[in-house]
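Fair warning: this is a prediction, and the values are worked out from it, not measured in the lab.
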Amino acid sequence: MKIIRPKKSLGQHFLKDSGIARRVAETLSAYRDLPVLEVGAGTGALTRFLLDEAYDLSVVEIDMESVGYLRDRFPALEGRIIAGDFLHLDLEALYPSSCCIIGNYPYHISSRIFFKVLDYREHVVCCAGMMQKEVAERLAASPSGKRTYGITSALIQPWYDVEYLFTVDEDAFEPPPKVKSAVIRMTRNGRKTLGCDETLYRLVVKTSFNQRRKMLRNSMKPILGATFSEYGLPVFDKRPEQLSIEQFVELTLVVQDFLEKDGRREKNMQPHD
């Protein structure tokens with residue numbers, strides 16, 4: 001069978017440690033009744049164990065050379081290999097009910113993969129797999145005041161419970177990456193609504209972390225302005241990495257109330273007939 005060489009342009013690092021591949025496949029053991037989509041199957045190191053475990057498996061692969069290789073190596077995937085970019089898939093059309101996502105994710109797009117999963121959170125029950133250790137730490141971080149807790153943490157964690165499962169050394173891959181990797185599992189929690197405007201919540205999170213070393217009374221000025229009257233509230237004495245998800249929701253409600261009142265003031269200032 002033809003040997004597939006990792007392509008630097010696609011950020012490919014093929015997993016060669018079968019023990020690690022088996023452990024990654026086992027992260028979905030509680031979801032055997034759900035269909036599974038593997039992202040970036042490459043040469044099938046993980047695919048092999050997912051098939052052995054009899055998951056209802058499909059794979060998506062952007063590299064056409066790997067697509068051909070997978071078709072030859074895994075006849076059981078006939079009709080289940082999607083040749084394309086995961087970031088462009090309509091997951092709702094593929095999985096109208098529920099599914100799981102798994103993969104050895106390319107480092108350079110792993111964050112975009114998780115934000116896509118977030119967009120389809122009513123369909124993706126569980127998302128697991130391997131990525132750069134730094135990204136895994138950000139996904140799983142708690143609000144402890146450390147740099148690992150940031151935008152990714154605060155946007156993903158309202159909807160998914162994130163577990164950091166284990167670290168993977170560089171020599172498990174070909175070619176070895178320059179950094180360590182890690183495996184995480186994101187499980188959809190029971191939250192149905194944030195309790196605030198979700199678009200505004202995202203804006204508040206991103207704005208606050210844009211100046212993460214400043215207290216919120218300073219970092220939130222692009223939204224609230226310099227003369228906002230409620231900067232004396234205790235939340236504004238904190239830095240963003242100190243805020244829990246619930247506190248970010250509370251902050252968003254403060255901002256939401258201000259903007260609604262500000263909008264009404266502007267409306268009231270319009271000339272009347």
Side-chain angles (χ1 to χ4, degrees), residues 23-24 26-28 30-31 100-103 105 107 109-122 124-169 179-220 223 233-256:
R23 290 178 69 187
V24 176
E26 290 172 350
T27 61
L28 296 183
Y31 300 96
C100 296
I101 305 293
I102 196 168
Y105 304 114
Y107 286 171
I109 62 167
S110 58
S111 293
R112 293 171 64 193
I113 288 172
F114 297 120
F115 285 124
K116 183 177 180 72
V117 167
L118 182 61
D119 288 340
Y120 288 91
R121 60 181 178 266
E122 298 309 322
V124 182
V125 173
C126 183
C127 175
M130 187 145 43
M131 69 218 66
Q132 186 175 346
K133 184 173 182 284
E134 181 182 348
V135 175
E137 289 173 339
R138 289 203 301 266
L139 284 166
S142 58
S144 59
K146 296 181 180 179
R147 287 194 63 83
T148 49
Y149 184 74
I151 292 174
T152 304
S153 322
L155 294 185
I156 295 290
Q157 290 179 19
W159 311 103
Y160 285 91
D161 297 330
V162 184
E163 303 168 84
Y164 184 106
L165 299 178
F166 58 92
T167 303
V168 181
D169 290 336
V179 295
K180 292 188 182 300
S181 301
V183 175
I184 60 101
R185 176 171 53 216
M186 296 169 25
T187 305
R188 183 70 170 90
N189 60 33
R191 190 189 293 266
K192 295 298 181 184
T193 177
L194 272 177
C196 64
D197 182 275
E198 186 175 344
T199 300
L200 184 58
Y201 176 89
R202 292 189 181 205
L203 177 62
V204 166
V205 168
K206 291 178 179 179
T207 301
S208 63
F209 279 106
N210 279 342
Q211 301 182 70
R212 63 179 301 140
R213 298 313 304 163
K214 292 185 178 181
M215 291 183 178
L216 289 165
R217 69 167 61 92
N218 294 311
S219 60
M220 292 302 297
I223 298 178
L233 292 173
V235 68
F236 290 102
D237 291 331
K238 296 180 179 292
R239 294 183 175 88
E241 62 263 34
Q242 297 174 304
L243 264 61
S244 67
I245 300 303
E246 289 71 24
Q247 288 173 314
F248 266 118
V249 170
E250 292 172 6
L251 176 60
T252 303
L253 289 172
V254 170
V255 174
Q256 188 172 317

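Interatomic distance, CD of Q211 versus CG of L216, reported as 10.5 Å (0.5 Å rounding). How far CD of Q132 is from OG of S111: 8.5 Å, rounded to the nearest 0.5 Å. Note that CD1 of I245 and CH2 of W159 are 10.5 Å apart. Values are rounded to the nearest 0.5 Å.
Side-chain atoms of Q157 never come within 3.5 Å of backbone atoms of S244 as a donor-acceptor pair (strictly under, hydrogens ignored). Not one N or O on the side chain of R239 forms a donor-acceptor pair closer than 3.5 Å with the backbone of R212.
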N/O donor to acceptor pairs below 3.5 angstrom from side-chain atoms of residues 142-153, sequence neighbours left out:
from: Y149; atom 1: OH; to: L243; atom 2: O; distance (Å): 2.7
from: S153; atom 1: OG; to: R138; atom 2: O; distance (Å): 2.4
from: S153; atom 1: OG; to: G150; atom 2: N; distance (Å): 3.1

Under 3.5 Å, sequence neighbours excluded: what are the donor-acceptor pairs made by side chains of residues 112-121?
from: K116; atom 1: NZ; to: L87; atom 2: O; distance (Å): 3.2
from: K116; atom 1: NZ; to: L89; atom 2: O; distance (Å): 2.6
from: R121; atom 1: NH1; to: L118; atom 2: O; distance (Å): 3.4
from: R121; atom 1: NH1; to: E198; atom 2: OE2; distance (Å): 3.2
from: R121; atom 1: NH2; to: E198; atom 2: OE1; distance (Å): 2.8
from: R121; atom 1: NH2; to: E198; atom 2: OE2; distance (Å): 3.3

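Residues satisfying the side-chain contact (heavy atoms from CB on, under 4.5 Å) criterion with L233, sequence neighbours excluded, are E230, V235, F236, V254. Checked against ring pair (Phe, Tyr, Trp, His ring centres under 6.0 Å), F248 has the following partners two or more places apart in sequence or in another chain: F209. Annotation: side-chain contact (heavy atoms from CB on, under 4.5 Å) contacts of D197 (sequence neighbours excluded): T199, L200, Q256. Y31 pairs by the ring pair (Phe, Tyr, Trp, His ring centres under 6.0 Å) definition with nothing, not counting sequence neighbours.
Between V183 and V168, the shortest heavy-atom contact is CG2-CG2, 4.2 Å. Nearest approach of Y164 to A140, heavy atoms of both residues: CB-CB, 4.1 Å. Nearest approach of C196 to V249, heavy atoms of both residues: SG-CG1, 4.1 Å.
By the 4.5 Å heavy-atom criterion applied to side chains, E134 and V179 are not counted as neighbours.
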Evaluation steps, side chain to side chain contact (heavy atoms under 4.5 Å, CB included), between M186 and V124: CA-CA 10 Å; M186 296 169 25; V124 182; over 6 Å; no
